[in-house]
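As the structure lists them, so they are numbered: ligands from 1, and atoms in each ligand from 1.
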Amino acid sequence: MKVLVTNDDGIFAQGLWTLVKALKNIAEVIVVAPDREQSGIGTAVTLRQPLRTHRVNPLVPEVEAYSVEGTPADSVILGLTKLAENNIDLVVSGINPGANLGDNVLISGTVGAALQGYLHGLPAIAVSVDAWDSPRLDTAAELATLLAKKIESNRLPSNIFLNVNLPNLPLAQIKGLEITRLASRSHTDEVEEGYDGKQVYYRLIRQTVDKTVDNKTDIWAMEQGHISITPLQTTLVSNPSPLIPDGLFSELLQELQKH
Ligand code: MN
């Protein structure tokens with residue numbers, strides 16, 4: 001099995017190399033990751049600038065590693081198509097310090113990187129731990145490795161895209177493992193206003209909504225001290241959408257033709 005490992009925290013992040021060290025016990029690993037921190041960049045890809053890659057000294061011996069002057073998604077695209085020459089069986093992204101839950105998966109660089117693997121037809125796993133400071137990485141790395149083995153042995157389907165979040169607890173205190181769905185309306189954007197001496201500026205502050213969340217959502221699982229595994233799909237809307245009334249499209253077309 002050959003695994004491409006990436007992240008959104010930059011190639012020398014501790015979370016990435018903890019993951020690499022664990023995965024290397026069961027698979028061949030290639031690291032392709034951004035040359036700098038890019039948390040919150042989501043699924044962004046770089047289309048208007050050239051992308052350069054650099055071979056770097058790995059922090060785990062005998063691992064091929066490349067930094068990319070681009071986004072997490074760029075890294076996966078280049079890794080899959082050029083650096084690993086279409087030879088990858090699984091993409092794993094992380095380990096991110098800070099959970100990626102609910103609506104936040106849409107702006108998460110960690111999830112955005114895994115998404116590229118999924119869009120290229122590969123199984124993909126995003127892994128995060130619910131702590132900014134000193135996240136406990138070992139259990140997360142071990143779980144990712146176990147999931148990789150389940151994929152390799154076909155216990156999990158190859159077209160799977162998993163968003164994995166762990167509470168920042170010692171293994172003995174983790175209460176369980178839940179298959180969850182994304183919590184909805186999970187975050188708000190506060191806007192802070194400041195003045196730099198010349199101009200007003202704004203600062204966006206993204207916060208988790210403080211509310212009782214539904215059972216079996218990812219945020220609920222974190223609050224309960226459970227590991228959360230959310231199977232993701234790229235279908236954002238149901239088709240045909242039940243929210244759009246019958247006849248609206250012909251109405252719109254008629255109105256358009258009157259102009
Ligand atoms: Mn990050």
Side-chain angles (χ1 to χ4, degrees), residues 3-23 29 31-46 51 56 58-60 65-79 90-118 124-144 147 161-169 182-183 186-190 203-208 218-219 221-222 227-230 232:
V3 183
L4 188 151
V5 178
T6 191
N7 71 354
D8 74 354
D9 301 310
I11 185 134
F12 295 116
Q14 202 188 351
L16 179 137
W17 289 99
T18 305
L19 186 56
V20 170
K21 199 174 164 201
L23 285 167
V29 175
V31 174
V32 187
D35 62 355
R36 70 202 72 180
E37 217 238 296
Q38 309 223 12
S39 297
I41 197 120
T43 61
V45 290
T46 305
L51 290 171
V56 301
L59 301 190
V60 171
Y66 300 87
S67 69
V68 175
E69 296 176 9
T71 66
D74 293 336
S75 302
V76 174
I77 294 168
L78 290 181
L90 168 68
V91 173
V92 185
S93 177
I95 300 165
N96 191 65
N100 281 302
L101 303 165
D103 302 337
N104 253 12
V105 300
L106 294 171
I107 65 161
S108 161
T110 307
V111 178
L115 171 69
Q116 280 302 325
Y118 179 69
I125 306 171
V127 189
S128 309
V129 175
D130 192 16
W132 293 105
D133 292 324
S134 311
R136 292 171 185 271
L137 300 169
D138 288 347
T139 306
E142 198 49 48
L143 177 59
L147 288 168
F161 177 15
L162 300 176
N163 185 37
V164 178
N165 285 276
L166 292 92
N168 195 38
L169 296 169
L182 297 177
S186 60
H187 293 75
T188 56
D189 292 306
E190 305 282 321
R203 188 186 296 280
L204 301 185
I205 302 164
R206 200 156 165 85
Q207 288 179 323
T208 308
D218 51 358
I219 293 179
M222 283 303 96
I227 294 168
S228 165
I229 299 183
T230 314
L232 298 179

### Task
Answer with yes or no whether the side chains of Asn100 and Ser128 bring together a donor and an acceptor at under 3.5 Å.
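A donor-acceptor contact under 3.5 Å links the two side chains.
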Is there an N/O/S atom in [X] that lies less than 2.8 Å from the Mn ion (ligand 1)?
{"X": "Ser39", "result": "yes"}
{"X": "Glu37", "result": "no"}
{"X": "Asn96", "result": "yes"}

#### Entry: Asp9: its N/O/S atom lying closest to the Mn ion (ligand 1) (atom name)
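Distance check against the Mn ion (ligand 1) picks out OD1 in Asp9.
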### Message
Suppose we only allow N, O or S atoms; which atom of Asp8 ends up nearest to the Mn ion (ligand 1)?
### Response
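The closest N, O or S atom of Asp8 to the Mn ion (ligand 1) is OD1.
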#### Entry: Under 3.5 Å donor-acceptor, Ser108 side chain and Asn104 backbone
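No; zero donor-acceptor contacts below 3.5 Å.
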### Query
Is the CD atom of Gln14 crowded by more than 12 outside heavy atoms at less than 6.0 Å?
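Atom CD in Gln14 is not packed in, count stays at 12 or less.
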### Task
Write down the atom of Ser75, the atom of Val68, and the distance for their closest heavy-atom approach.
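Minimum heavy-atom contact is OG-CB, 3.6 Å.
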### Message
So which atom in Asn96 and which in Ser39 form the shortest heavy-atom distance, rounded to 0.1 Å?
### Response
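Closest heavy-atom pair between Asn96 and Ser39: OD1-OG, 4.3 Å.
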